[in-house]
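The structure under discussion appears below in the form of structure tokens.
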Amino acid sequence: MDGIGQIFSNIVDNGDHLLKLFLSSLDEHQTFWSDPENDLETIFAKISNLLASVNTRDRGLQILCHLLPHCPLDVVEEKAQHYINVCAKICSNRGHMQSIPLAYGVLEQLLLRSLNSNELHKLLVSNIPKLLEPIAPNLDASVLPVALSFLELSMQHYAGSCGSIKSRIEPFLYSLVDATDQRVINRVARCMLLLQQIRGGGQHGNLHKKTWEEYYLRLVDTIHDVLNKIFAHTPETFDEEDNMECLKLPPIPSTKNPILAAQLWSVRAVNLIAFLDHAIVGAYPVPKPIVPFKALNVILRGLSVSCSAMARNTIVENVAFGTFLPTIHYALLEVLDGLVLALGSNLLMYGDMIYEMFPKCLKAARADRHGDEGVKKSFTRLRTKIYESIQLWCAKMGHGSCIEMVNEPILEHIVRDVTPHVSEVTLKIDAGGKHRLSAKAKKKLQKEQNAATSLNQAHSRGTAAAENNELLVDLGNEALCKAALDCLTSILQSVGCFIKPVTHKLLQEKIVPLCFSLVTNHQLTGLYRDEKARVALLRAFAALIVNPHHHCPPPLQYAGYIFNTLQTTDVSAEVRSTAAELARTMELVLHPWKETLYFPADQAAIKDALANKAKHPLANLISQTPPSKNRATNGIKPKEVVLPDKEAKEPSPKNLLDESDGEINESLAVTEGSDDDEPVGWVEEVSTSSVVDPTEQPTVVDVPSVPDNSHNVDDGVIHPTEEEESLVEPPVVSVLDSDEEVVLRVEKNNPADKADDDDVVEVVPMDVDAEAKKAAVVNENGKHAAPTVEDTPDAGSPKRVKLAEEDGNNSSDKEKNIDALVDEMVAEFVDEP
């Protein structure tokens, strides 16, 4: 929409709320820069006036943050120096705290635009050190996110300029190691990794590898040092390491409050572990020399101490540290996931250390006190993370995960976490009239019955309250249930065939009733009120079916009913979609595809379609030029193939024609289609054989002959007439081996017949050493018939027919040129170059 520039000045002078709405609409329209009526000089002059005044500076910076990403590059290059000076002044003077984030936002946009401009690149190279000077340890907390974002981009794209002030950047990053804002910690972790590569990398990146390895080892030693402080009053199985080289971090503030001290040390431990995680998985310009055992040693040490172990020494410090211990365990599991992602199957050499750790972690984080009361369980977040780590390990390692070694203790926890709480009902059975009660007993029984009657009346009045209480059962455990089911699915997909049959059977007895509860209970409460938990349950059921043990058949008799029912009855669209997907999968399991469903391909039809592909409707869309006509149907006469005779002369086809009644038997030998069959050249067969019984069935398919005046015989070569060429298409021609003599037999189609459109040709190899013992035979109809095997004197040798009369002087020349003739025929009928 045009005309936006005319109202720009009016919008700028209005309040901030209207300005934000206008700028967001401006980003949506994207017609501000293409409008020829907009005077950009006037607009940017207005912005400069806003930046000059302290009261309107924030409004000018806000407008620049929206306009610079899409502003023409020549305008940005012209105004960039002025904007850099204004932003550097704002950041160094630290006047209004709300202006500093906007100033860093403008600098960030200029830095991103400089990636496509040499002028801006040169300008920022000289100004980066000056712009990073205000970034110091005493920076205000509200400015930290944007300052760290600008620092990260500067070290990423202008590493050389940042190398001169590395000694100032490093203390600033170390000062944020105790921050509690997760956004700040994530940016500090990225900046710490970028800090290792802001100097030159040396030859083949050797310097980058060295700096990363030093940073990695120092991080590991620093985490060990922090864990020494946390586990000072807890017995450990790990020995403390000596001669540790730690990072130069600021000291923890001294305090006499043990709870505050525990919180400070725990926060530092979690942040350092986050730095280690990003150092392993973060992007780096060279391959990282990771030492897996160093990181695994830290992980195993941290996870070996549980809250129950720390509670054995009931002092205030241990209780306080035990409060924050699940957060430390969560961060250590993140590092383990990073190692699995970075190293992959290279971590299998430490597989026994890893998979044995999972059931221990689940046992340490198990809650027995409130687990059966239908309330939120303890350590829900930590247990969810353990299940996710097991799932990642199984997914990355596949059948080599060895999780089957510890599957039973893990499955015990999974079954416990996926089982919904069911309210218990106590039934009291009266003894009846067998024994007479005393008067005192009768009086007591009457009071109990009266009390039961009052309780029933109260229950009838509080039915609505009871229904509301059912909605609170297992509230907060849905995420844990989903993670447990996803973990079960990964275990079954990884090592389902290695799990014991009795374990498979027990899992079926647990999962199938839970799936049936989704079908029967339309008003779901408890764990499976969440649609994600129901989806996870269905996928676990499907994994149990498609990954069975060969001694324990899967419960297929229930799968089809459950999935087909849920795809229409569940209230959640996601559950219905998942059920429909799994129903199709189960259909393939119940009724697998058999080989009988695959029909053999018709080779003749395929060859015909490929030969006539130019007639397909898509040919005009694929090729820009009009498709060329198929030469096989253009009426071009095929060339004659004359094969030389290497033996004694036999009667020529012309003489044979004279001996007959003027008719030629054109026969077809049908062969099985295969990949090795090749179409052969165009030639008419003239068969000669010994005398046979006229009533005997010949070995070839007989076709109605053509009158003798329909052939043109010249020099022993039979030429098809124009009438024949109009009735049939020439066959496809392929190259023949000149060293082997063959008989080429072709049947021409008759329009009256309902045969295939193509000529079917048989290649019959000839034995050049066999004697010429065949003579022309005329049957009772006056036609030539091919000899059968019984009529041939030598039954083991192939049939032979002379196609042309040998010229004494030119026979050798014809032998030399036979390959050239066949190649010409191939180019003529197959359209090959």
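Note that these values count all heavy atoms, side chains included, but never hydrogens, waters or copies made by symmetry.
Within the 4.5 Å cutoff, the side chain of Q493 has no heavy atoms near those of the C394 side chain. Counting heavy atoms from C-beta on, the side chains of Y387 and L485 never come closer than 4.5 Å. Side-chain atoms of M192 and Y174, non-hydrogen and from C-beta on, do get closer than 4.5 Å to each other. Taking 4.5 Å as the limit, every side-chain heavy atom of L336 sits out of range of all side-chain heavy atoms of W393. Side-chain contact between L107 and Y83 is absent, with no heavy atoms from C-beta onward closer than 4.5 Å. Within the 4.5 Å cutoff, no side-chain heavy atoms of I280 are placed close to those of L341. Counting heavy atoms from C-beta on, the side chains of L132 and F150 come closer than 4.5 Å. The closest side-chain heavy-atom distance from E245 to L217 is not below 4.5 Å.
Side chain of H66 to backbone of Q62: a donor-acceptor contact under 3.5 angstrom is found. Between the side chain of R534 and the backbone N or O of R529 there is at least one donor-acceptor pair closer than 3.5 Å. Checking side-chain atoms of D277 against main-chain N and O of I273 turns up no donor-acceptor pair under 3.5 Å. Distance alone, capped at 3.5 Å, is enough to place a donor-acceptor pair between the W212 side chain and the A279 backbone. In this structure, S149 contributes its side chain and P145 its backbone to no donor-acceptor pair below 3.5 Å. Formation of a donor-acceptor pair under 3.5 Å by the R218 side chain with backbone atoms of C246 is not found in this model. Not one N or O on the side chain of S117 forms a donor-acceptor pair closer than 3.5 Å with the backbone of S114. For the pair R113 (side chain) and C71 (backbone), a donor-acceptor distance under 3.5 Å is present. Using modelled atom types, no side-chain atom of S494 and backbone atom of I491 make a donor-acceptor pair closer than 3.5 Å. Within the 3.5 Å criterion, the main-chain N or O of Q182 finds a donor-acceptor partner in the side chain of N186.
S126 contributes atom OG, which lies 7.0 Å from atom CD of Q81 (distance to the nearest 0.5 angstrom). A distance of 13.0 Å separates CE in M155 from OG in S161, rounded to the nearest 0.5 Å. Within the model, atoms SG of C91 and CD of E133 stand 11.5 Å from one another, a figure rounded to the nearest 0.5 Å. A distance of 8.0 Å separates CG in L249 from CG in D178, rounded to the nearest 0.5 Å. L176 contributes atom CG, which lies 10.5 Å from atom CG of D181 (distance to the nearest 0.5 angstrom). Here the CG atom belonging to L333 is positioned 12.0 Å from the CD1 atom belonging to I328, to the nearest 0.5 angstrom.
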Next on the checklist: Set out, in order, the CA-CA distance, both residues' side-chain angles and the distance that settles side chain to side chain contact (heavy atoms under 4.5 Å, CB included) for L68 and L110, then state yes or no.
Outcome noted: CA-CA 7 Å; L68 286 178; L110 291 174; 4.0 Å; yes
Item to check | Worked check of side chain to side chain contact (heavy atoms under 4.5 Å, CB included) between M397 and L347 | outcome: CA-CA 9 Å; M397 302 304 164; L347 209 61; 4.3 Å; yes
Next on the checklist: Is there a side chain to side chain contact (heavy atoms under 4.5 Å, CB included) between L64 and Q109? Walk through the geometry before answering.
Outcome noted: CA-CA 9 Å; L64 282 178; Q109 295 299 330; over 6 Å; no
Checklist entry - Hey, mind stepping through Y158 and H121 against side chain to side chain contact (heavy atoms under 4.5 Å, CB included) and telling me if it holds? => result CA-CA 9 Å; Y158 293 92; H121 183 80; 3.2 Å; yes
Checklist entry - For N55 and S53, what are the C-alpha separation, side-chain angles and deciding distance, and is it a side-chain hydrogen bond (donor to acceptor under 3.5 Å, both in side chains)? => result CA-CA 5 Å; N55 297 328; S53 176; 4.5 Å; no
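Shown here is K166, whose NZ atom has more than 12 heavy atoms of other residues, nucleotides or ligands within 6.0 Å. In K130, the NZ atom is crowded: over 12 heavy atoms of neighbouring residues, nucleotides or ligands sit closer than 6.0 Å. Around NZ of K79, the count of heavy atoms belonging to other residues, nucleotides or ligands within 6.0 Å exceeds 12. Atom CG of N118 has 12 or fewer neighbouring heavy atoms from other residues, nucleotides or ligands inside a 6.0 Å radius.
A salt bridge links R539 with E581: at least one charged nitrogen is closer than 4.0 Å to a carboxylate oxygen. Taking 4.0 Å as the cut-off between side-chain N and carboxylate O, D530 and K532 do not count as a salt-bridged pair.
Minimum heavy-atom separation, N271 to V177: ND2-O, 2.6 Å. For the residue pair N49 and T56, the shortest heavy atom distance occurs at O-OG1, 4.2 Å. I198 and C162 get closest at one heavy-atom pair: CD1-O, 3.7 Å. When all heavy atoms of L527 and E478 are compared, the closest pair comes out as O-CG, 3.5 Å. Of all heavy-atom pairs spanning A536 and T489, the tightest one is O-OG1, 4.4 Å. The two atoms that bring T327 and V270 nearest to each other are CG2-CG2, 3.8 Å, heavy atoms only.
Of the candidates H157, R190, R187, R190 is the only one forming a side-chain hydrogen bond (donor to acceptor under 3.5 Å, both in side chains) with E152.
Within the structure, every pair that satisfies the salt bridge (charged side-chain N to carboxylate O under 4.0 Å, His left out) test and touches residues 327-339, not counting sequence neighbours, is listed here: E334-K385, D337-K385.
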